[in-house]
Visitor: 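So that we are looking at the same thing, I have put the structure below in structure tokens.
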Amino acid sequence: MKTKIFFIVLLLLNQTLFGQSQVQDLIQQGLDQAYNMELNSAEKTFNKVLELRPNSPVGYYHLAQIHFWIYLGSRDPGEYQVFLKFADIAREHAEKVIDKNPKDFQTRYIAGNLASFRAMAQATNNSSVDAFWSSKKAVSYYEETLELNPKFYNAYLGLGLFDYAMSFVPDFLKWAVNLTGLSSDKQRGFDYIKTAFKKGTEKTEAAFHLSKIYTDYLAEYDSAFFLLQSLTSRYPNNTLFIYQYAVSLIKDKQLDRANDLLNRVIKLNNKKLPQITALSYFRKGEIYFKKNQFRSAIRNYKKFLDTSRELDFIGFAALNTAICYEQNGQEEEFQQYLQQAKSGNQDIFEDSYAKQKSEKYLNSGISPIELKLIKLKNDLDAGIYRIVYDSLKTQVEKIDSREDQAIAYVLLSEASLNLKKYSEAIYFADQVEQIKVNSEKYTEVMALLLKAEAKYFSGKRENVNDILEDAEDNNDFEFKDYIQSRIEWLKRRLSK
């Protein structure tokens, strides 16, 4: 009798283990399909998980994740509602599981991710206050997960993302951050995400977010490339991964390689994520703008403006389109797109900057020296340093406008830096300090950064930390995030 009972128990145990294995295999299959943007197939796979585990939150959770991605990539209000439906069902199932087993840390982690998805979707849907409360709930779930299991490293990814993202909250929403008690620390966020990547199991998500931080916060493009090359090789149809790779290459001045990747995104033309395709046209416009190929830039910027489903970068694209037309002597179109440049998302730097510049140009026009400096800045961004150096070295002192002269000295200093003319780079940076500007205040900070970089590369490092601290303390003007990323890059080198 005991032997018979033993075999019955063993049979039931094998069936349970087989069921768990089957579910895990389906989840991994669905994730691989989703990451490769085979979203219809992934949805079918996760529906099979629902059939096997109808009372578990897992199947509903992954379906919510898919529709969350589609909503972010399409801005389709219908997808927002579908996401909320699956997220609500998944949350209800998760809460029932947690009520029965308060020590189930994995289900708490799922609940944290659901709240995180909801926060990002609400923020995208302009429900900012709701997004902060969802963020608070997500952080609480992640912290509880780690209290139950300090070695469940996936939870550090969620904590890290909120720590990093909250540091970019606009000033007018700081009250909401304070109300919810959320914290922000870019460095801690980076460390948490790196921990999740090294020790957690959700390496794809962690690698993608880590690559963005390497690009935007630390200006460590080689580290970003390493991660993005791996992601795009494993998931060749993932237009988001390819797009992000292109963005990193643009910032590293590898414009032709970036253009090839953007062409891949446009060719794939993922119908469920049309915003990524639209953004690829924006970045192609940026590439041609930096190459001073203004007709091609206009064509791609206008394609972006015609297809974008969100306000982000609308103003900036219109401003650059206006400048392209002015460079080509088309005054009527210049005025037309300056008006459009006042639109866009004023919560992001690019569109806020575009509004400021468009109003200036509408009031007082744009001078020939400003047009020339824009072209030379483009040459600098394209890595053509000798043209910038040769064009400005003998002309910079003849520029009448203090603001234009400060910009010219910054360009000349950076060109000299890249040509390894370090003493000249320091000299030209010093000249900026002698110019008292009323606008273009970023030039003062940029000059300090360039001086610190030139001293570092020349081996004269005795007071580099002091100069860098001065730059960081005063970095509160245009191009703040870009300048800060270069400050962080140099700080990390100096600490080694």
Side-chain angles (χ1 to χ4, degrees), residues 160 163-164 166-168 171 184-194 210-224 248 251-253 349 353 377 380-381 383 385 388-389 392 396 403 405-437 439-496:
D163 243 341
Y164 185 75
M166 289 299 156
S167 64
F168 292 99
D171 288 340
S184 64
D185 187 323
K186 286 181 185 176
Q187 183 59 46
R188 185 174 61 196
F190 169 68
D191 291 338
Y192 280 168
I193 295 169
K194 193 161 61 170
L210 201 55
S211 74
K212 284 179 62 62
I213 292 177
Y214 276 128
T215 298
D216 298 333
Y217 174 50
L218 299 172
E220 293 194 4
Y221 305 118
D222 287 345
S223 297
S248 298
K251 294 196 174 187
D252 196 42
K253 304 178 182 180
F349 162 73
Y353 176 79
K377 174 64 166 61
L380 196 68
D381 289 341
Y385 308 118
V388 180
Y389 180 85
L392 287 176
V396 63
E403 281 71 20
Q405 191 175 59
I407 293 170
Y409 272 123
V410 165
L411 297 178
L412 193 49
S413 178
E414 187 155 10
S416 301
L417 176 71
N418 282 283
L419 293 170
K420 300 183 179 180
K421 298 176 180 288
Y422 301 124
S423 60
E424 291 187 65
I426 293 169
Y427 171 79
F428 294 132
D430 283 338
Q431 301 314 299
V432 179
E433 294 182 23
Q434 311 304 316
I435 303 170
K436 302 302 179 185
V437 294
S439 60
E440 311 294 348
K441 300 287 285 184
Y442 79 92
T443 56
E444 298 173 350
V445 185
M446 194 68 192
L448 289 169
L449 170 62
L450 290 167
K451 186 195 295 189
E453 289 180 341
K455 283 180 172 288
Y456 170 79
F457 285 115
S458 66
K460 301 174 182 177
R461 303 179 185 179
E462 58 278 359
N463 64 337
V464 171
N465 273 315
D466 294 336
I467 299 170
L468 210 54
E469 284 181 19
D470 196 8
E472 189 166 24
D473 289 344
N474 291 282
N475 185 26
D476 198 27
F477 304 105
E478 302 98 326
F479 313 107
K480 176 180 178 179
D481 291 337
Y482 169 70
I483 292 172
Q484 188 62 41
S485 72
R486 288 178 59 170
I487 290 173
E488 294 295 337
W489 183 92
L490 188 52
K491 281 168 62 178
R492 285 162 67 83
R493 298 304 174 282
L494 290 168
S495 65
K496 290 180 180 179

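Note that the structure is a prediction, hence the values are computed from the model and not measured.
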Visitor: Flag the pair Leu468 / Tyr456 as yes when at least one side-chain heavy-atom distance between them is below 4.5 Å, and no otherwise.
Guide: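 The answer is no, as the side chains (C-beta and beyond) never meet within the 4.5 Å cut-off.
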Visitor: Apply side chain to side chain contact (heavy atoms under 4.5 Å, CB included) to the pair Phe349 and Lys480, showing each step before the final yes or no.
Guide: CA-CA 9 Å; Phe349 162 73; Lys480 176 180 178 179; over 6 Å; no
Visitor: Would you check if Leu210 and Phe190 make a side-chain contact, meaning some heavy-atom pair closer than 4.5 Å?
Guide: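 Yes, side chains in contact.
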Visitor: So do Glu444 and Met446 actually touch side chain to side chain, heavy atoms under 4.5 Å?
Guide: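 Sidechains of Glu444 and Met446: no contact.
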Visitor: Check whether any side-chain heavy atom of Val437 sits under 4.5 Å from a side-chain heavy atom of Gln405, and report yes or no.
Guide: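 They are not in contact (no side-chain heavy atoms under 4.5 Å apart), so the answer is no.
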Visitor: Rounded to the nearest 0.5 Å, what separation is found between the CZ atom of Phe479 and the CG atom of Leu449?
Guide: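 One gets 13.5 Å once the value is rounded to the nearest 0.5 Å.
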Visitor: Does a donor on one side chain and an acceptor on the other come within less than 3.5 Å for Gln187 and Asp191?
Guide: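 The criterion, which ignores hydrogens and geometry beyond distance, is satisfied for Asp191 and Gln187.
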Visitor: Which residue in the set Glu453, Glu220, Glu472 passes salt bridge (Lys or Arg N to Asp or Glu O under 4.0 Å) when paired with Lys491?
Guide: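 Of all the options given, the one that passes is Glu472.
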Visitor: How many angstroms lie between atom CG of Asp481 and atom CD of Glu488, to the nearest 0.5 angstrom?
Guide: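 It is 11.0 Å, given to the nearest 0.5 Å.
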Visitor: Within 45° of the ring axis of Trp489 and under 6.0 Å from its six-membered ring centre, is that where the NZ or CZ of Arg492 lies?
Guide: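 That pair does not qualify as a cation-pi contact.
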Visitor: So does Ala429 get a backbone contact from the side chain of Glu433, meaning a donor-acceptor N/O pair under 3.5 Å?
Guide: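 Absent.
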Visitor: What distance do Leu419 atom CG and Tyr385 atom OH have between them, rounded to the nearest 0.5 Å?
Guide: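 So the CG of Leu419 and the OH of Tyr385 are separated by 8.5 Å.
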Visitor: Stepwise, does the side chain to side chain contact (heavy atoms under 4.5 Å, CB included) test hold for Val388 with Leu412?
Guide: CA-CA 7 Å; Val388 180; Leu412 193 49; 5.6 Å; no
Visitor: Determine the interplanar angle of the Tyr422 and Phe457 rings, folded into 0 to 90°, and report it as parallel if under 30°, tilted if 30 to 60°, perpendicular if over 60°.
Guide: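 Ring orientation of Tyr422 relative to Phe457: parallel.
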Visitor: Roughly how far, to the nearest 0.5 Å, is OG of Ser458 from CD1 of Ile426?
Guide: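 If I round to the nearest 0.5 Å, the distance is 5.0 Å.
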Visitor: Would you find a donor on one side and an acceptor on the other, under 3.5 Å apart, between the side chain of Asn463 and the backbone of Asp466?
Guide: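 Answer holds: no.
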Visitor: First locate atom CG of Leu448, then atom OG1 of Thr443, and finally report the distance between them rounded to the nearest 0.5 Å.
Guide: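 One gets 10.0 Å once the value is rounded to the nearest 0.5 Å.
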Visitor: Please check this pair: side chain of Ser485 against backbone of Tyr217, looking for a donor-acceptor N/O pair closer than 3.5 Å.
Guide: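 A pair under 3.5 Å: no.
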Visitor: Hey, what do you get for CD1 (Ile483) to CG (Asn475), rounding to the nearest 0.5 Å?
Guide: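 One gets 5.0 Å once the value is rounded to the nearest 0.5 Å.
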Visitor: Ignoring hydrogens and angles, tell me if any N or O in the side chain of Ser413 forms a donor-acceptor pair with the backbone of Tyr409 under 3.5 Å.
Guide: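 Not at all, since once roles are kept as given, no pair shorter than 3.5 Å links the two residues.
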Visitor: Check for me whether the distance between the ring centres of Tyr164 and Tyr192 falls short of 6.0 Å.
Guide: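 No, the ring centres sit 6.0 Å or more apart.
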Visitor: Would a 4.5 Å heavy-atom cut-off, applied to side chains only, mark Asp163 and Lys186 as touching?
Guide: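 They are not in side-chain contact.
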Visitor: Main chain of Asp470, side chain of Asn474: is a donor-acceptor contact present, judged purely on distance under 3.5 Å?
Guide: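 Between the backbone of Asp470 and the side chain of Asn474 there is a qualifying donor-acceptor contact (under 3.5 Å).
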Visitor: Salt-bridged, Lys251 to Asp216, with N to O below 4.0 Å?
Guide: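 The answer is yes: the pair qualifies as a salt bridge.
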Visitor: Check Thr215 against Ala224 and note the closest heavy-atom contact, atom names and distance.
Guide: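 Looking at all heavy atoms of both residues, the closest pair is OG1-CB, 3.4 Å.
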Visitor: Between Leu411 and Val396, does a side chain to side chain contact (heavy atoms under 4.5 Å, CB included) hold up when you go through it step by step?
Guide: CA-CA 10 Å; Leu411 297 178; Val396 63; over 6 Å; no
Visitor: Closest heavy-atom contact between Val464 and Ala452?
Guide: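 Closest approach of Val464 to Ala452: CG1-O, 3.8 Å.
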